[in-house]
Amino acid sequence: MMLTSGNSSSHPVSFILLGIPGLENSQFWVAFPFCAMYVVALVGNTTLLHVIRTDPTLHEPMYLFLAMLATTDLVLSTSTQPKMLAIFWFHDHEIEYHACLIQLFFIHAFSSVESRLLMAMALDRYVAVCFPLHHSSILTPAAVGKLGAGVMMRGLLWVSPFCFMVSRMPFCPIRIIPQSYCEHMAVLKLVCADTRVNRAYGLFVAFSVVGFDIIVISVSYGIILRTVLGLPSGEAQLKAFGTCASHICVILALYIPALFTFLTHRFGHHVPQVVHVMFAILYLLVPPMFNPIIYGVRTKQIRDRVIQGCCRKNSQLKA
């Protein structure tokens with residue numbers, strides 16, 4: 001059933017999300033590890049936010065960026081996983097048209113925010129390692145707040161045209177999306193009109209966002225590694241290498257599946273659909289799950305606060 005809006009463009013009342021094409025008979029069981037990963041992401045990021053919020057000693061640039069990253073991860077995972085689990089467990093494949101556009105907006109906007117936050121964290125480490133005496137004067141809480149607001153505004157402003165342009169276009173009668181969530185390119189394939197402008201804008205945003213962020217991150221960590229290799233103390237080198245390694249793991253966990261998903265949508269016509277969909281799911285689930293684990297385990301201050309909180313609760317229960 002189609003509805004006609006005042007701008008003479010038509011859109012369906014809803015779309016049908018298939019889930020994982022090719023694994024229809026296994027989706028019920030595949031959902032369990034995805035659910036476990038989602039629960040880990042929720043608990044980990046919520047714990048991280050609670051620890052940083054309640055401990056004044058952690059109100060420093062690195063931890064404030066971590067809090068922003070945890071909030072972004074909660075939004076990213078929650079924007080897709082509940083609906084995806086409903087598809088797998090309850091066969092709730094239908095998603096309302098405007099709900100689909102809202103989901104599309106949140107996915108792409110907060111993916112952009114996450115990428116820029118990783119870049120900001122790389123710059124924070126660059127300043128901390130290369131200019132340790134000036135770190136607190138350069139990255140003040142006010143500067144961190146302004147940087148966070150700028151990151152959020154970029155994500156909202158650059159992704160908003162996606163939804164606006166798609167909402168103004170007519171759709172074909174076919175309303176099946178062979179995905180587990182509403183993604184820009186998957187929705188665009190259902191449009192019965194010339195989509196070259198939309199595709200060109202999508203490429204521009206992807207390369208300007210991811211390309212610029214990756215360049216800044218690579219240059220920052222290149223300079224950091226060169227500075228670390230010049231440190232006289234082997235212990236200081238190992239500590240710095242450990243910090244950089246954990247950050248690089250987080251970066252790779254985001255960009256590898258994200259780039260694979262982006263490129264296969266446009267050029268990977270021979271990639272099996274099931275592989276593409278699985279990477280698209282992991283792209284929005286693995287980083288939110290790994291980020292609190294990596295930063296919580298590798299960051300001594302956060303690890304100590306979590307252990308202290310658990311010990312305090314155990315002592316209270318015994319009393």
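For the numbers below, each heavy atom of this structure counts, side chains included, while hydrogens, waters and symmetry mates do not. In this text, all values refer to a predicted model and were calculated from it rather than measured experimentally.
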Min side-chain heavy-atom separation T227-Y126 under 4.5 Å: no
Ring geometry between H184 and H108 (parallel below 30°, tilted from 30 to 60°, perpendicular above 60°): perpendicular
Between Q179 and H276, a side-chain donor and acceptor under 3.5 Å: yes
Rounded distance (nearest 0.5 Å) linking atom CD1 of I52 with atom OG1 of T47: 11.0 Å
V166-L156 co-clustered via ILVMFWY side chain contacts under 4.5 Å: yes
CD1 on I95 to CZ on R175, rounded to 0.5 Å: 12.0 Å
Criterion side-chain contact (heavy atoms from CB on, under 4.5 Å) on V205 and F162, from CA distance to verdict: CA-CA 10 Å; V205 170; F162 282 151; 4.2 Å; yes
Sidechain-backbone polar pair: T140 side chain, A143 backbone, donor-acceptor under 3.5 Å: yes
Sidechain-backbone polar pair: S115 side chain, S112 backbone, donor-acceptor under 3.5 Å: no
Side-chain heavy-atom pair C182, L101 within 4.5 angstrom cut-off: no
Minimum heavy-atom distance G19-F88, with the two atoms named: CA-CE2, 3.9 Å
Any side-chain donor near an acceptor of the partner, Y97 and S167, under 3.5 Å: no
Flag side-chain contact, heavy atom, 4.5 Å: P21 against V277: yes
Exceeds 12 heavy-atom contacts within 6.0 angstrom, atom NE2 of H50: no
Atom pair OG (S111) and CZ (R116), whose distance is rounded to the nearest 0.5 Å: 14.0 Å
Exercise: identify the closest heavy-atom pair between A41 and L74: O-CD2, 4.1 Å
Main-chain N/O of I177 paired to K189 side chain as donor or acceptor, under 3.5 Å: no
Distance (rounded to the nearest 0.5 Å) between L85 CG and T80 OG1: 9.0 Å
Plane angle bin for F204 and Y201 - parallel if under 30°, tilted between 30 and 60°, otherwise perpendicular: tilted
Reported NE2-to-CG distance for the pair H135 and D124, which is rounded to 0.5 angstrom: 3.5 Å
Side-chain donor-acceptor contact under 3.5 Å, Y181 with S79: no
Cluster check M153, V151: I/L/V/M/F/W/Y, side chain < 4.5 angstrom: yes
Exercise: identify the closest heavy-atom pair between G155 and V113: CA-CG2, 4.2 Å
T46 side-chain N/O to V43 backbone N/O, donor-acceptor pair under 3.5 Å: no
Connected via hydrophobic side-chain network under 4.5 Å: M62 and I138: yes
Verdict with supporting geometry, F164 and F105, side-chain contact (heavy atoms from CB on, under 4.5 Å): CA-CA 10 Å; F164 177 75; F105 172 78; over 6 Å; no
Side-chain heavy-atom pair T78, Y38 within 4.5 angstrom cut-off: yes
Same cluster (ILVMFWY, side-chain, under 4.5 Å), M169 and V197: yes
Main-chain N/O of G22 paired with E24 side-chain donor or acceptor, under 3.5 Å: yes
Donor + acceptor pair across side chains of E114, N291 (<3.5 Å): yes
Point-to-point distance, once rounded to the nearest 0.5 Å, from OG of S77 to CE of M84: 10.5 Å
Side chain to side chain, L188 and R199, heavy atoms closer than 4.5 Å: yes
Minimal non-hydrogen separation, I223 against C130, with atom names: CG2-SG, 3.8 Å
Whether Q301 side chain and L58 backbone form a donor-acceptor pair below 3.5 Å: no
Derivation and outcome, side chain to side chain donor-acceptor pair (under 3.5 Å), residues R125 and S220: CA-CA 8 Å; R125 291 300 85 200; S220 298; over 6 Å; no
Exercise: identify the closest heavy-atom pair between I224 and A122: CD1-O, 4.1 Å
Closest non-hydrogen atom pair between L139 and V144, with its separation: O-CG2, 4.3 Å
Side-chain donor/acceptor of E60 to backbone N/O of Y63, under 3.5 Å: no
N/O donor-acceptor pair under 3.5 Å between E96 side chain and H98 backbone: yes
Within one Ile-Leu-Val-Met-Phe-Trp-Tyr cluster: L259 and I215, side-chain cutoff 4.5 Å: yes
Flag, side chain of N45 to backbone of P288, donor-acceptor distance under 3.5 Å: yes
Residue pair H134 / V127, side-chain heavy-atom distance below 4.5 Å: no
